[in-house]
Amino acid sequence: MNALTQGASSTTLIPVFAGQIGDQQAQLCDARDLHAFLQVGKRFTSWILERIRSYGFEEDQDYLMVSRNRETKGRGGDRRSKDFCLSLDMAKELAMVERSDQGRQARRYFIEMERRALASNAPALCAPKYPESGTLTLTYRQRRFRIAFIEGQPWFAATDVAAGLDVRDSHVFMRYLEPHQRNTYSFTKSKTHVIDVSGLNVALLHADEAKAGRLRQWLVQALETAKRPDDLLTIAPSTGGEDMLLKLLQAKRFVMSVDHNQRLQLCEVEQGAAVVNPEQVAEWVRDFAFPRQHLPDLLGAVSDRMRGEA
């Protein structure tokens, strides 16, 4: 049973109160208060239901629904209504996608509310943090999806986001981003354009609604797992087939290693190829199972190496 705790923040820009979503303590706000502050221009019910559907927000994870008696003017008496209590993460996303001064102000306000909660050392509100730095390379719809962590915040490779949304080019949405929403990051030797969470929301707005919802749902699971690196190989096992990581591991062959930054690396091994420790190469070649047709190439490579070091 999801419960609310009375007692809003003393700051009245958008009241924030302590509550619980699922079995997690969280800070919440009333969606009607946010809707009024953002001055959206749509009826509240149409706006909130459209946003939930478009971005794949989930009940008991991003928000909870409550029934309340509301006073009905001119109709004599109260009536029951469905209200939505939002996590601050969801509230920030809703504020960002409005791309307005009111939206930016609301986002900064919610960030400040979270900062105050953490500063108060309230144990129930302290969630695991993302890595301060490093990268995470996953597989989404049989394609690479890279996430960089910069100062403890996730940034997404723009080309990978475009591929995941079936958008022809990342410039389709990159041109709409503000400077603070985009950056560059070196995943290998070359620099790659990356976008932050607010930039990702802009990208989702420029994509097919169903594809945007699936990518967002998958990323929620992926980012939760990023807070628990020991669970890397269990990312999103039940996202309706969109996360192909486990199926990929079962269908292909990989060599697993850990690099100097203690990050897990998977390197695909082609079908029919063998993986041998250097110390075992000679013994392996002596084995009659070693394909004879490859012996000339191997001997030639050894000979070239020996001449080069002479």
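For reference, positions follow the sequence shown, starting with 1. This is a predicted model, so every value here is computed, not measured.
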Taking atom [atom1] of [X] and atom [atom2] of [Y], what is their separation to the nearest 0.5 Å?
X    : Y    : atom1 : atom2 : result
L94  : M96  : CG    : CE    : 9.0 Å
R43  : I48  : CZ    : CD1   : 13.0 Å
L88  : C29  : CG    : SG    : 6.0 Å
I147 : L138 : CD1   : CG    : 5.0 Å

Can you sort out the partners of [X] under salt bridge (Lys or Arg N to Asp or Glu O under 4.0 Å), two or more places apart, ordered by chain and number?
X    : value
R216 : D62, E93
R143 : D166
R104 : D101, E178

Does [X] reach the main-chain N or O of [Y] with its side chain, forming a donor-acceptor pair under 3.5 Å?
X    : Y    : result
D169 : V172 : no
S100 : G103 : yes
S303 : L299 : no

Hey, could you give me each pair passing ring pair (Phe, Tyr, Trp, His ring centres under 6.0 Å) that has a residue in residues 22-43? Not counting sequence neighbours. H35-F44, H35-W47
Check: [Y] and [X] side chains under 4.5 Å, non-hydrogen atoms:
X    : Y    : result
V97  : R51  : yes
Q27  : F17  : no
I195 : M174 : yes
Q217 : E58  : yes
V161 : L200 : yes
I21  : L28  : yes
L165 : L204 : yes
L64  : F84  : no

All side chain to side chain donor-acceptor pair (under 3.5 Å) counterparts of D297, not counting sequence neighbours: none
For Q181, check side chain to side chain donor-acceptor pair (under 3.5 Å) against everything at least two apart and list the hits. S198
Please step through ring pair (Phe, Tyr, Trp, His ring centres under 6.0 Å) for the pair Y185 and W155, ending with a clear verdict. CA-CA 9 Å; Y185 187 87; W155 292 72; 9.4 Å; no
Of F110, Y55, Y63, which meets side-chain contact (heavy atoms from CB on, under 4.5 Å) against M90? Y63
Starting from F145, can I reach V220 by hopping between I/L/V/M/F/W/Y residues whose side chains sit under 4.5 Å apart? no
Is the H206 ring parallel, tilted or perpendicular to the Y176 ring (thresholds 30°, 60°)? parallel
Go through S190 and T188 one step at a time and tell me if the side chain to side chain contact (heavy atoms under 4.5 Å, CB included) criterion holds. CA-CA 6 Å; S190 58; T188 53; 3.9 Å; yes
Quick one: do E112 and R107 satisfy salt bridge (charged side-chain N to carboxylate O under 4.0 Å, His left out)? Show the steps, please. CA-CA 9 Å; E112 174 63 16; R107 176 178 176 271; over 6 Å; no
